[in-house]
2 protein chains.
Amino acid sequence: MNQDPETSNRAGREPISELTTARLSVYLRCLAELESEGIATVSSQDLAARIHVNSAQIRKDLACFGEFGIRGVGYSVIDLRARLRDTLGLTTTHAMVIAGAGNLGMALVNARGFNSDGFKVVAMVDIDPAKTGIRSRNGVEVYPLSSLHSIVKRETVEIGVIAIPGDSAQQVCDFMIEVGILAILNFAPVQIKPRAGVRIQEVDLRVNLETLSFHLKLAEDGKLVL
Amino acid sequence: MNQDPETSNRAGREPISELTTARLSVYLRCLAELESEGIATVSSQDLAARIHVNSAQIRKDLACFGEFGIRGVGYSVIDLRARLRDTLGLTTTHAMVIAGAGNLGMALVNARGFNSDGFKVVAMVDIDPAKTGIRSRNGVEVYPLSSLHSIVKRETVEIGVIAIPGDSAQQVCDFMIEVGILAILNFAPVQIKPRAGVRIQEVDLRVNLETLSFHLKLAEDGKLVL
DNA sequence: GCATGTGAATGGATTCACAGCT
DNA sequence: AGCTGTGAATCCATTCACATGC
């Protein structure tokens, strides 16, 4: 059952599923809080209680990268956090460009989560020439879409964010891929056509709203739900 | 295998999972496009090709609410769309309030998906008194947080949107629940404590970014991925 | 013939429960 | 004693494949 001699445990080479990845991110945020509270050690139960998750789930997820906990004690908050940051690729900083300098783009460029711990917005681009030269509150400048190529080259941008209103999303996305962007976070309400070697993450607000609506309807119709 | 005599098929009473719900929403968008293209009939294969999904999956999902397709032909676009809109609770319009009149709140209030086909933003609220009275481009007014209660009562608001920067999110959320809001869409990077009878939908941008980062790292380390 | 609807088969993910370490 | 790490069991989701009906 071992196709690769290195598969056993050290620097564990397990696949790590999509769902696990998302949870690792949640664990990481929780660990950051624990660290800032000065807590040195945490058990899977403790974590499970804070997040809404089963403790065995947490242990399984963490087992993806070798043994790390101490039996009878738990996990070192500092060490585990470092490990997760490494696993998620947050030890190097990823340069990002946001396409669309409207309200959404501006909200994102100023968001804490977009400018800390592994990420940095280096520029915004917009088709509207009137927007060129504007700067966000935190000092990121808006450039014409045509300068995307040189920005990506100069700053080795890895991540592109689509914050434009829908119809031109696929075009801009194609352009991003053309100039060498490797990962895209898409807020436009369109299914972006996938391309080999490029990772796309969709944030579909309409799906979220309709999920809420669906549950509201269930509740109305008497089916007990939360 | 039938605990309920009504379980068989008419107006099907199957549970409908979380994942299915999300896909129904995607199908619905696709059907809207098909309808505007004037296409009258669609097969599960056609849909499967447009969306990135297996055709059996689509049929299973749609089977949740009784037989609806025509064998040998497919589904009526108009009828199926109407059925999905009904299932997702989009035939009545849900009133929404957005907490936070910053860039994010303004982006959302102006977003097409927040003001059409089942949803309507009736007000924004903000703690900053300087924001009171401001109107969004599409005419939605900003009120002080303290008027939330009366707005929710007057407009029978069902959905609250948390578009504030993190730390006060839980408080505002609690307040929303207190004044009778039943469903919450949360953009703040905090796990909102769940409460019985209230549905919470988290949109965690940090998780999305870190997922991208993780895959970038995989690609770097040589594991083939997309 | 063609596409739906669905039991059966497969594949994953979650949870259980306990052996093993500290 | 307490908690991790993990096989085994369970649960859920997806896919296959075909009988059923247009």
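So that the names make sense, note that chain A is the first sequence line, chain B the second, and so on, each numbered from 1.
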In terms of side-chain heavy atoms, does Thr211(A) have a donor or acceptor partner in Asn208(A) at a distance below 3.5 Å? no

Working to the nearest 0.5 angstrom, can you tell me the gap between Asp204(A) CG and Glu210(A) CD? 8.5 Å

At what angle, to 10 degrees, do the two end axes of the helix from dG1(C)-dC22(D) to dT22(C)-dA1(D) meet, given five pairs define each axis? 0°

Ile58(B) CD1 to dA3(C) C1', in whole Å, measures 13 Å

If we ignore hydrogens and angles and just use 3.5 Å, is the side chain of Thr21(A) paired with the main-chain N or O of Ser17(A) as donor and acceptor? yes

Search all heavy atoms of Arg59(A) against all heavy atoms of Ser44(A) and return the closest pair with its distance. NH1-OG, 3.0 Å

Could you state the atom-to-atom distance from CZ of Arg83(B) to P of dG5(C) in whole Å? 12 Å

Can you check the Leu80(B) CG to dA3(C) P distance for me, whole Å? 16 Å

Report the distance from atom CZ of Phe65(B) to atom C1' of dT4(C), rounded to the nearest whole Å. 14 Å

To the nearest 0.5 Å, what is the distance between CG (Leu47(B)) and OG (Ser55(B))? 10.0 Å

For nucleotides 6-15 of chain D, read 5' to 3', which letter fits each nucleotide if B means a protein heavy atom sits under 4.0 Å from the base, S means only the sugar-phosphate is that close, and - means neither? BBB----SSB

Determine: side-chain N/O of Gln45(A) to OP1/OP2 of dT4(D), distance under 4.0 Å, yes or no. yes

Separation of atom CG in Leu47(B) from atom P in dG5(C), rounded to whole Å: 12 Å

Specify the separation, in whole Å, of atom CZ of Phe68(B) and atom P of dT4(C). 14 Å

Given atom CD1 of Ile70(B) and atom C1' of dT20(D), what is their separation to the nearest angstrom? 15 Å

Can you tell me if Arg85(B) and Thr91(B) form a side-chain donor-acceptor pair at under 3.5 Å? no

On the nucleotide dG5(D), are OP1 or OP2 found under 4.0 Å from the side-chain N or O atoms that Tyr75(A) carries? yes

Taking all non-hydrogen atoms of both residues, which atom of Gly100(A) and which atom of Ile164(A) are closest, and how far apart? CA-CG2, 3.5 Å

Please confirm whether the backbone N or O of Gly113(B) pairs with a side-chain atom of Arg206(A), one donor and one acceptor, at under 3.5 Å? yes

Euclidean distance, Leu104(A) CG relative to Phe187(A) CZ, rounded to 0.5 Å: 6.0 Å

Gln45(A) CD to Arg50(A) CZ distance, which is reported to the nearest 0.5 Å: 14.0 Å

Using a heavy-atom cut-off of 4.0 Å across all strands, would you classify Ser44(B) as base, sugar-phosphate, or nothing? sugar-phosphate

By a strict heavy-atom criterion of less than 4.0 Å, which residues belonging to residues 26-41 of chain B are in contact with DNA chain C? none

Would you kindly give the CG-to-C1' distance between Asp46(A) and dT4(D), to the nearest whole Å? 13 Å

What are the two closest heavy atoms between Lys193(B) and Gln170(B), and how far apart are they? N-OE1, 3.2 Å

